[in-house]
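Report on the following structure.
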Amino acid sequence: MEFGELHIGVDAEKVVVSAYAIKMRSGRAKRIRTGSVTEVVPVAPSGRSRDDRIRFVSQVALVLLVLSAVLSALGIPGWAAATGCAALVGFVAWEQNRAARPGRLALPRREGDHVLW
């Protein structure tokens with residue numbers, strides 16, 4: 001059996017070797033590519049407390065609120081600016097929450113995945 005690319009993932013629980021890209025179940029990962037081999041290793045959690053993350057998201061929301069008011073004054077519909085701002089604040093909160101969790105690899109489970117143990 002010959003693969004074009006090989007993905008190797010190592011975390012505290014398991015070692016995964018797959019012909020498909022390895023995803024994270026939680027946390028973030030550092031990917032190191034050497035030729036046709038991609039190594040996936042979880043990075044350490046950000047260490048930010050919940051209060052720090054809430055403060056940062058609140059600051060981003062305040063800046064976007066001011067930007068939304070400016071865009072509304074320029075004639076852009078308020079619902080469009082509000083929707084974009086809400087989506088951006090949600091994304092920032094989700095990313096920070098993910099970065100604060102310890103990293104764990106997800107096992108490939110789709111039909112046709114080749115997992116070698």
Side-chain angles (χ1 to χ4, degrees):
M1 185 182 304
E2 190 174 314
F3 297 114
E5 291 184 349
L6 191 60
H7 299 270
I8 302 171
V10 180
D11 68 4
E13 300 173 348
K14 60 192 141 321
V15 175
V16 179
V17 178
S18 173
Y20 301 97
I22 298 173
K23 297 181 180 176
M24 297 297 293
R25 187 171 16 163
S26 66
R28 297 176 302 152
K30 175 175 66 170
R31 287 175 166 68
I32 304 163
R33 184 172 178 88
T34 308
S36 63
V37 176
T38 302
E39 181 181 3
V40 179
V41 182
V43 297
S46 68
R48 295 180 116 187
S49 70
R50 186 170 194 273
D51 291 338
D52 291 340
R53 295 191 316 263
I54 288 173
R55 181 175 42 250
F56 181 74
V57 169
S58 299
Q59 290 170 346
V60 168
L62 182 62
V63 168
L64 290 175
L65 180 67
V66 171
L67 179 65
S68 179
V70 169
L71 290 175
S72 181
L74 293 176
I76 295 177
W79 61 268
T83 303
C85 290
L88 188 57
V89 167
F91 176 74
V92 168
W94 180 78
E95 270 299 310
Q96 286 206 333
N97 187 31
R98 187 174 66 99
R101 291 182 291 187
R104 294 187 313 187
L105 297 172
L107 290 175
R109 297 274 187 208
R110 295 181 308 221
E111 184 71 29
D113 281 355
H114 302 283
V115 179
L116 310 173
W117 298 100

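In summary, of the residues considered (Leu62, Val63, Leu65, Leu64), a side chain to side chain contact (heavy atoms under 4.5 Å, CB included) with Val89 occurs for Leu64 alone.
Nearest heavy-atom pair across Ser46 and Ala100 is OG-CA, 3.6 Å. Residues Arg28 and Ala99 come closest through the heavy atom pair NE-CB, 3.5 Å. Minimum interatomic distance between Arg104 and Asp11 (heavy atoms only, all atoms of both residues): CA-OD2, 3.4 Å. Of all the heavy atoms in Ala29 and Val40, the pair that sits closest is CB-CG1, 3.7 Å.
For the pair Thr83 (side chain) and Trp79 (backbone), a donor-acceptor distance under 3.5 Å is present. Side-chain N or O atoms of Ser26 include one that pairs as donor or acceptor with a backbone N or O of Pro102 at under 3.5 Å.
Evaluation of the salt bridge (charged side-chain N to carboxylate O under 4.0 Å, His left out) test over residues 50-74, restricted to residues two or more places apart or in two chains, returns Asp52-Arg55.
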Next on the checklist: With side chain to side chain contact (heavy atoms under 4.5 Å, CB included) as the criterion, how do Met24 and Arg101 come out once you've worked through the C-alpha distance, each side chain's angles and the decisive distance to 0.1 Å?
Outcome noted: CA-CA 11 Å; Met24 297 297 293; Arg101 291 182 291 187; over 6 Å; no
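Connection of Val37 to Val17 is established within a shared hydrophobic cluster, with ILVMFWY side chains joined at heavy-atom distances below 4.5 Å, either directly or through further cluster members. Under a hydrophobic-cluster definition in which Ile, Leu, Val, Met, Phe, Trp and Tyr are linked whenever side-chain heavy atoms come within less than 4.5 Å, directly or via other members, Leu88 and Trp94 are assigned to different clusters.
With contacts defined as side-chain heavy-atom distances shorter than 4.5 Å, the pair Val57/Val60 does not qualify.
Note: His7 NE2 to Ile22 CD1 = 7.5 Å, rounded to the nearest 0.5 Å. How far CG of Leu6 is from OG of Ser18: 8.0 Å, rounded to the nearest 0.5 Å.
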